[in-house]
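Below, read A as the first sequence line, B as the second, and so on, with proteins coming before strands; counting in each chain starts at 1.
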Amino acid sequence: MAGDGTVARAPSGTHDVLWPESTRWEALVALFADQVERAGYGLAHTPIFEDVRVFRRGIGEGSDVVGKEMYEFEDRGGRMLALRPEGTAPMVRAFVQRRPPLPWKAWYVTPAFRYERPQAGRYRQHHQLGVEAIGPTDADLDVEVVALADGVFRSAGLSDFTLKLNSMGDEVCRPVFIAELQRFLVGRREALCAEHQHRIETNPLRVLDCKREACRAATADAPRFVDHLCDACAAHFDRVRAGLDAVGVPFQADNRLVRGFDYYTRTTFEFTSGALEAAQNGIGGGGRYDGLVEMLGGPATPGIGFGIGIERLLLACDAEGVFPVDPPTLDAFVVDVAGGDVARDVTAVLRQAGLRADRAFDSRSMKSQLKSADRSGARVVVIVGPDEVAAGTVSLRPLRSPGDQQTVPVADVVGAVRDAR
RNA sequence: GUGGCCGUAGCUCAGUUUGGUUAGAGCGCCGGGAUGUGGCCCCGGAGGUCGCGGGUUCGAACCCCGUCGGUCACCCCA
């Protein structure tokens, strides 16, 4: 840090988003807002930190995120808080506390914090766009939510991505399935990779999600959740799949898909980009959480949502060469080599007229100021020199298109810049 | 938390294998060429404790040790 000879830098795993890259973020958020607001979702802001129990209860003590990745801290009042590691639990907490009318459909854009080792596409602070829909148990809501995520990706221009879909059952059939899966896994314990042998007891579902060949082979003939869903869950899952077919959202049923948060029930899904070589190819995911509202102290109320990783999504866009964004350009740049009074006044007048205008400072040379004008991307440069000042005029010179320089009375500068469009 | 690779100008890097006078390039930045006109071109300039600390040596950007940082991968996830 300053004083000890080193330059201050952002904490490991965090990153700055500066202009012009930030305009792409803005554009993505705007695209997302447009998509989901058209479907009746409204923006919600909730605190960036919560009582740590909000996350422990819903996400689960046994999950990696809660177990070893949360940024937890005690505030000066002795409260145990945590920076949000994901977006759903805080939104559901807000629902439980405020109890807005059902169905409650909300969207968010938020940073999320997880203490992990940073690597390509993985950060300690990343950002997510997401929606939550609380109230209906209707499978058609699942279809709507999944289709929204799919639509966001397509609107951004992505085409090389896959939607995987599974059902995690409910409180009726999940315990039954887990027990059966455990019996199967115990018999295969020796064949599993070391890291998953102990998970047979702590989190048997995750063993199915192991990417190692050994585990894959050992669990190839494991019981499948789809075969053990209760009648209600099976019917729900059938309608979700039929609905996705009907609305034209392609998906792959994947009975190994197990997501990292304990609160998921029934429909779970994940989008992966085929354009990202890195292991971090998940660009979005979500699912139903029919027990979460109750876990956080509210009345039993079902819900479903998804989160999309902004950084990952933009990486995928880069990989596919889509979603380019041109930063907004200035209408005019004012160059003043006659003392600066006119630059000060004309720039203000242009801005008040609703035009985008900037100027040079520090009374630098005309060449220098014109270079700044050129770099600014401005359409026209407004030139003010001693001659113009003496005559009460300014000179307008187009920078982006062929055209002659013209001189107009200073009082006409707004109209002249507009005409130069 | 574990492992591989890498730390030289604002950025991207060369130089490290065979230690040897004032550490280089491109881009960017500043100024000039046009005594009032950008982009292209030409000329010049500023800018570096070679991550930090210690060691070996007559001599270290270069070799050795440590440390910090970055990056990639495992795990897990967005």
Roughly how many Å apart are B:A34 and B:C43, using the C1' atom of each and rounding to a whole number? 14 Å

Would you indicate which nucleotide in B:A78, B:G39, B:G70 comes nearest to any side-chain atom of A:Arg397? B:G39

C1' gap between B:A23 and B:C62, integer Å: 12 Å

Please work out if A:Glu311 contacts a base, only the sugar-phosphate, or nothing of the nucleic acid, heavy-atom cut-off 4.0 Å. nothing

The nucleotide from B:A78, B:G38, B:C72 with an atom nearest the side chain of A:Tyr123 is B:A78

In whole angstrom, give the distance that lies between atom CG of A:Leu276 and atom P of B:C72. 13 Å

Does a donor on one side chain and an acceptor on the other come within less than 3.5 Å for A:Gln128 and A:Glu86? no

Take the protein atom CZ of A:Arg117 and the nucleotide atom P of B:G3, then report the distance between them rounded to whole Å. 9 Å

Could you tell me how far B:C58 sits from B:U12 if I compare only their C1' atoms? Round to whole Å. 37 Å

Tell me whether A:Arg93 forms a cation-pi arrangement with A:Phe95, defined as NZ or CZ under 6.0 Å from the six-membered ring centre and within 45 degrees of its axis. no

Quick one: sort the A:Phe261 and A:Tyr263 rings into parallel, tilted or perpendicular, breaks at 30° and 60°. tilted

Counterpart base for B:C62, defined by Watson-Crick or G-U wobble contacts under 3.5 Å: none

Specify the separation, in whole Å, of atom NZ of A:Lys371 and atom P of B:C41. 10 Å

Polar pair under 3.5 Å, donor/acceptor by atom type, side chain A:Lys367, base B:G33: yes

Nearest whole Å is fine: how far is B:G39 P from A:Leu399 CG? 11 Å

Phosphate-side-chain proximity, A:Gln119 and B:A73, N/O vs OP1/OP2 below 4.0 Å: yes

For A:Ala373, which contact category applies under a 4.0 Å heavy-atom criterion: base, sugar-phosphate, or nothing? nothing

What is the nucleic acid contact for A:Phe306, judged by heavy atoms within less than 4.0 Å: base, sugar-phosphate only, or nothing? nothing

With rounding to whole Å, what would you report as the distance between B:C64 and B:A73 at their C1' atoms? 28 Å

Closest nucleotide among B:U71, B:A78, B:G38 to the A:Gln128 side chain: B:A78

Under 3.5 Å donor-acceptor pair, A:Asp374 side-chain atoms to B:G38 base atoms: yes

Pairing partner of B:C5 (Watson-Crick or G-U wobble, both distances under 3.5 Å): B:G70

Work out how far the P atom of B:C30 is from that of B:G38, and round it to whole angstrom. 14 Å

Tell me what A:Glu270 touches on the nucleic acid: a base, only sugar-phosphate, or nothing, going by heavy atoms under 4.0 Å. nothing

Taking only the side-chain heavy atoms of A:Arg259 (C-beta and beyond), determine which of B:C76, B:A78, B:G38 contains the nearest atom. B:A78

Sugar-phosphate only, base, or nothing, as touched by A:Gly130 at under 4.0 Å among non-hydrogen atoms: nothing

Nearest-nucleotide comparison on RNA chain B, the residue closer to the 5′ end among A:Gly284 and A:Arg375: A:Arg375

When both distances are under 3.5 Å in a Watson-Crick or G-U wobble arrangement, the nucleotide paired with B:U35 is none

Expressed as a whole number of Å, how far does the C1' atom of B:G7 sit from that of B:U49? 15 Å

Could you identify the nucleotide paired to B:C11, looking across every strand shown and requiring Watson-Crick or G-U wobble geometry with both distances under 3.5 Å? B:G26

Does either side chain, that of A:Ser395 or that of A:Glu388, offer a donor lying less than 3.5 Å from an acceptor on the other one? yes

Side-chain donor-acceptor contact under 3.5 Å, A:Tyr289 with A:Glu132: yes

Suppose you measure atom P in B:C27 against the same atom in B:U17; what distance do you get, rounded to whole Å? 29 Å

Distance-only donor-acceptor check, side chains A:Thr46 and A:Arg84, under 3.5 Å: yes

Assign each of A:Ser368 and A:Arg312 the nucleotide of RNA chain B bearing its closest heavy atom; nearer the 5' end lies the nucleotide of A:Ser368

The nucleotide from B:A78, B:U37, B:C30 with an atom nearest the side chain of A:Ile383 is B:U37

Do the rings of A:His15 and A:Tyr123 sit parallel, tilted or perpendicular, given the 30° and 60° boundaries? tilted

Contact class for A:Ser12 (heavy atom, under 4.0 Å): base, sugar-phosphate, or nothing? sugar-phosphate

Just checking A:Ser365: base, sugar-phosphate only, or nothing, at a heavy-atom cut-off of under 4.0 Å? sugar-phosphate

Whole angstroms only, please: what is the CG-P distance between A:Asp362 and B:G31? 10 Å

Taking a pair to mean Watson-Crick or G-U wobble geometry with both distances below 3.5 Å, B:U56 pairs with none

Please tell me whether A:Thr162 and A:Gln252 have a donor and an acceptor in their side chains that are separated by less than 3.5 angstrom. no

Using the C1' atom as the reference point in each nucleotide, state the distance between B:A14 and B:C50 in Å, no decimals. 13 Å

Write down the distance between CD (A:Gln406) and C1' (B:U37), rounded to a whole number of angstrom. 15 Å

Calculate the interatomic distance between A:Leu370 atom CG and B:G31 atom P; express it in whole Å. 12 Å

Name the nucleic acid region contacted by A:Gln280, choosing base, sugar-phosphate or nothing; use a 4.0 angstrom heavy-atom cut-off, strictly under. base

Between atom CD in A:Gln369 and atom P in B:G32, what is the gap in whole Å? 12 Å

